[in-house]
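Values below: every heavy atom of this structure, side chains too, minus hydrogens, waters and symmetry copies.
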Amino acid sequence: MTTIEDLGSYHFIVVGGGTAGCVLANRLSANPRHRVLVLEAGGKDNNIWIKVPIGYLYTQNNPRTDWCFATEPENGLNGRSLNYPRGRVLGGCSSINGMIYMRGQARDYDGWAQLGNRGWSWEDVLPWFRKSEHHFGAEDEYHGVGGEWRIEQPRVGWEILDAFERACNDIGIPSTPDFNRGNNEGVGQFSVNQRRGLRWSAADGFLKPVRRRANLRILTGAQAKRISLDDGRASGIEFWYRGRRAQARNLGELILATGAIGSPHLLQLSGIGPAELIRSKGVQPRHELPGVGSNLQDHLQLRTVFRVSNVATLNRQANSMWGKAAIALQFALLRRGPMSMAPSQLGVFAKSDPSKETPDLQYHVQPLSLDSFGDPLHNFPAITAAVCDLRPESRGTVTLQSPDARQPPAIAPSYLATLNDGLVAARAIRLTRRIAAAPSLEAYQPEEFLPGAELVSDEDLIKAAGDIGTTIFHPVGTCRMGSDPHAVVTDRLKVRGVDKLRVIDASVMPRIVSGNTNSPTIMIAEKGASMVLEDSRAS
């Protein structure tokens with residue numbers, strides 16, 4: 001008989017030490033009477049490449065820091081399967097992502113509220129964004145100062161990106177100094193989650209300052225196996241800890257914060273989800289919730305590449321031994337330059353069609369190019385203008401494949417599964433070409449390298465989108481909040497029909513936000529922690 005190590009009882013158990021889990025650990029342990037346990041499957045965030053911003057090249061697809069998931073072959077991507085990075089380390093995706101601070105649009109959150117989710121309108125969530133911010137600008141109605149989540153300006157500049165911004169102006173896209181005031185239309189530099197040129201993760205901001213609290217226990221190398229259920233109540237968690245089976249009991253609430261892939265997978269492993277699917281994979285159904293694992297949404301970026309002339313890009317600099325030495329020296333001495341940069345420095349929010357009320361396209365513009373993520377940079381000067389549909393219609397799934405929690409789920413984003421998504425992709429490529437042809441870029445002689453100027457019809461461009469499209473790492477929605485039969489959690493983030501169990505992470509978004517998803521996850525965790533504490537006081 002296998003011995004299960006009993007690690008005791010806690011008022012709150014947080015499964016996942018990623019972005020949301022770090023916020024929850026901080027807020028729930030603030031009261032010394034609350035015993036809090038945090039379980040993180042990965043290790044400590046002591047890898048040097050986590051702190052160096054350009055280090056995402058070495059932390060993604062690295063089993064020390066990444067789950068190293070892959071999607072199923074995608075019809076919309078012409079049969080391709082994509083690597084699907086998810087953080088497996090303290091700080092989670094905030095330890096390996098692109099560090100871009102972005103909230104989305106006011107209409108995103110107003111849309112959540114209009115779906116019946118009380119308390120999730122833009123007016124409702126704005127205070128929770130402000131609460132955790134330490135913004136480089138002055139405090140005002142939109143931004144906070146003094147919080148744990150540091151937001152700074154980039155510490156590197158590129159002539160070619162300045163010209164791209166002017167080219168956007170040429171075709172009517174205005175410059176904006178701030179994408180985070182409710183309507184992000186325009187072109188400008190992204191703000192970044194950094195501190196003096198180094199990555200600032202959720203672990204840095206929320207977990208490390210409180211990790212020595214006597215009532216907070218953080219276990220790394222602790223992978224969840226299943227939720228313990230007792231008469232319709234989440235009574236604890238079973239997990240592997242340093243190669244042994246262990247369990248912890250839940251006196252108050254069990255909170256899943258393992259993200260849009262991990263949270264539905266753990267629910268299904270525990271018998272919570274679509275009963276027929278769960279049974280077919282060797283797990284006994286315990287509570288029917290058909291929406292668990294459905295509604296997967298992600299932003300598919302189309303990496304259009306243009307050769308340029310008469311200007312420096314990172315391609316040439318990084319392909320030279322002397323260039324690499326200069327880059328390293330600049331970072332070592334000043335914490336500036338290419339090693340301090342997020343993957344994308346210039347952002348653009350624009351409309352695929354003038355009739356759109358708000359922008360439905362986002363660009364991440366980079367002074368570099370490569371065949372695919374992780375490959376060497378091209379040996380010619382070039383820029384990449386990666387553009388994504390902010391509000392895709394396509395919906396995918398995360399589904400259990402084995403009763404063994406150590407086996408990954410099947411991830412099927414279903415990119416470009418609707419005709420409209422394909423048409424938006426075609427319009428996005430055409431808009432990119434308009435920007436490249438604008439007068440402000442003429443001196444740099446942009447020449448389309450990908451997808452290829454010879455492709456002009458909708459049919460050709462949709463197929464090309466499938467060839468060059470890749471994830472921008474924004475999966476959400478697989479445990480969405482709502483009140484209909486396919487909703488997984490209520491608007492207070494409680495799992496429907498299971499007592500003392502919540503999900504607080506990006507999976508609860510009913511619809512994907514119009515931008516990067518990491519900081520909205522911080523907001524969800526802030527608001528969710530407040531709900532947990534309110535309900536704890538009321539009980």
task: Check the angle between the aromatic planes of Phe179 and Phe190 and answer parallel, tilted or perpendicular using the 30° and 60° thresholds.
output: tilted
- prompt: Parallel, tilted or perpendicular for Phe206 and Trp149, by the 30°/60° rule?
  reply: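 The arrangement is tilted - the two ring planes meet at 30° to 60°.
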Answer yes when [X] and [Y] have at least one side-chain N-carboxylate O distance shorter than 4.0 Å, and no when they do not.
| X | Y | answer |
| --- | --- | --- |
| Lys51 | Asp204 | yes |
| Arg242 | Glu5 | no |
| Arg130 | Glu139 | yes |

message: Testing Leu493, Leu267, Asn250 one by one against Leu501 for a side chain to side chain contact (heavy atoms under 4.5 Å, CB included), which residue passes?
response: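 Single side chain to side chain contact (heavy atoms under 4.5 Å, CB included) partner of Leu501 among Leu493, Leu267, Asn250: Leu267.
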message: Using a 6.0 Å cut-off, check whether atom CZ of Phe449 has over 12 heavy atoms from anything other than its own residue.
response: yes
Is there side-chain contact between [X] and [Y], with heavy atoms separated by less than 4.5 Å?
| X | Y | result |
| --- | --- | --- |
| Thr304 | Leu450 | no |
| Ile151 | Asn193 | yes |
| Leu216 | Val210 | yes |
| Ile100 | His364 | yes |

- request: Walk me through it: do Tyr101 and His135 pass the test ring pair (Phe, Tyr, Trp, His ring centres under 6.0 Å)?
  value: CA-CA 10 Å; Tyr101 180 75; His135 195 269; 7.0 Å; no
message: Minimum heavy-atom separation for Gln268 and Val283, please, with both atom names.
response: O-CG1, 3.7 Å
- prompt: Taking the six-membered ring of Phe129 as reference, does the NZ or CZ atom of Arg103 fall below 6.0 Å from its centre and within a 45° cone about the axis?
  reply: yes
query: Given the rule in the side-chain contact (heavy atoms from CB on, under 4.5 Å) test, do Trp67 and Ile261 qualify, once you have shown the distances and angles that lead to the verdict?
result: CA-CA 10 Å; Trp67 283 97; Ile261 308 303; over 6 Å; no
